[in-house]
Amino acid sequence: YESNEMEAHISDWSGRIHKDDLERITTDIDALIKGTKEKWEDEYRYRKADGSYAFVIDRGFVIRNAGGEAIRMVGAIQDISRRKKE
């Protein structure tokens, strides 16, 4: 995706997760945000700009305020499709 095709909102990201992976991933992220853990990692299928799916590994961490409330999540997604085919 080009930078102008992505918005900094969770629904923009979650809307591209394969439907068979979506519930698992969003449940894990929700638990992360509501809990006390700071780091998260998982593999899932993510829709590419051409409509096909790539296997990705996604790693992120939550930034919390002094009261422990999640205020931001930062992460990175890496295409691991080649590795999954081997």
Side-chain angles (χ1 to χ4, degrees):
Y1 293 98
E2 298 294 326
S3 59
N4 63 341
E5 296 177 288
M6 300 291 290
E7 294 188 30
H9 192 273
I10 196 163
S11 64
D12 195 49
W13 162 77
S14 63
R16 293 182 171 99
I17 298 173
H18 191 281
K19 64 181 179 124
D20 293 342
D21 299 329
L22 183 60
E23 183 177 351
R24 174 177 53 86
I25 298 301
T26 55
T27 297
D28 286 353
I29 292 293
D30 189 49
L32 173 72
I33 291 169
K34 290 178 180 175
T36 57
K37 283 179 40 177
E38 294 181 2
K39 295 181 182 178
W40 174 80
E41 179 179 312
D42 208 334
E43 295 180 8
Y44 56 90
R45 291 162 288 183
Y46 192 75
R47 190 178 65 244
K48 300 188 315 184
D50 68 4
S52 66
Y53 283 88
F55 281 97
V56 299
I57 187 166
D58 194 347
R59 296 177 177 105
F61 66 93
V62 174
I63 299 170
R64 298 185 184 279
N65 64 17
E69 179 184 17
I71 56 173
R72 185 167 184 91
M73 186 165 182
V74 180
I77 299 173
Q78 180 182 5
D79 187 339
I80 59 169
S81 299
R82 185 176 295 172
R83 185 186 84 192
K84 294 291 263 187
K85 287 180 182 178
E86 295 175 351

Peer 1: Between Ser14 and Leu22, what is the shortest heavy-atom contact and its length?
Peer 2: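 Answer, listing the atom of Ser14 first, then Leu22: O-CD1, 3.5 Å.
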
Peer 1: Could you grab the distance from atom CZ of Phe61 to atom CH2 of Trp40, nearest 0.5 Å is fine?
Peer 2: 13.5 Å

Peer 1: Please identify each residue that fulfils salt bridge (charged side-chain N to carboxylate O under 4.0 Å, His left out) with Arg59, with sequence neighbours left out.
Peer 2: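 Here the qualifying residues are Glu41.
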
Peer 1: Could you name each residue pair satisfying salt bridge (charged side-chain N to carboxylate O under 4.0 Å, His left out) that touches residues 62-74, not counting sequence neighbours?
Peer 2: none

Peer 1: Is there a chain of hydrophobic side chains (I, L, V, M, F, W, Y, each step under 4.5 Å between heavy atoms) that links Trp13 to Phe55?
Peer 2: no

Peer 1: Of all the heavy-atom pairs spanning Asp58 and Ala76, show the shortest one and how long it is.
Peer 2: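 Heavy-atom minimum between the residues: OD1-O, 3.2 Å.
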
Peer 1: Between Tyr44 and Tyr53, is there shared hydrophobic-cluster membership here, with clusters defined by ILVMFWY side-chain heavy atoms closer than 4.5 Å?
Peer 2: no

Peer 1: Enumerate the salt bridge (charged side-chain N to carboxylate O under 4.0 Å, His left out) contacts for residues 21-31, please, sequence neighbours excluded, ordered by first and then second residue.
Peer 2: Asp21-Arg24, Asp21-Arg45, Arg24-Asp42, Asp30-Lys34

Peer 1: Mind listing the closest non-hydrogen atom pair of Ile29 and Met73 along with its distance?
Peer 2: CD1-CE, 3.5 Å

Peer 1: Please lay out, stage by stage, how Ile25 and Tyr46 fare under the test side-chain contact (heavy atoms from CB on, under 4.5 Å).
Peer 2: CA-CA 11 Å; Ile25 298 301; Tyr46 192 75; over 6 Å; no

Peer 1: According to a 4.5 Å side-chain heavy-atom criterion applied to Ile, Leu, Val, Met, Phe, Trp and Tyr, with indirect links allowed, do Val74 and Ile77 form part of one hydrophobic cluster?
Peer 2: no

Peer 1: Taking the basic N atoms (NZ, or NE/NH1/NH2) and the acidic carboxylate oxygens, is any pair closer than 4.0 Å for Arg16 and Glu5?
Peer 2: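 Not counted as a salt bridge, because no side-chain N and carboxylate O are separated by less than 4.0 Å.
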
Peer 1: Passes side-chain contact (heavy atoms from CB on, under 4.5 Å), Glu43 versus Arg83? Steps please.
Peer 2: CA-CA 12 Å; Glu43 295 180 8; Arg83 185 186 84 192; 2.8 Å; yes

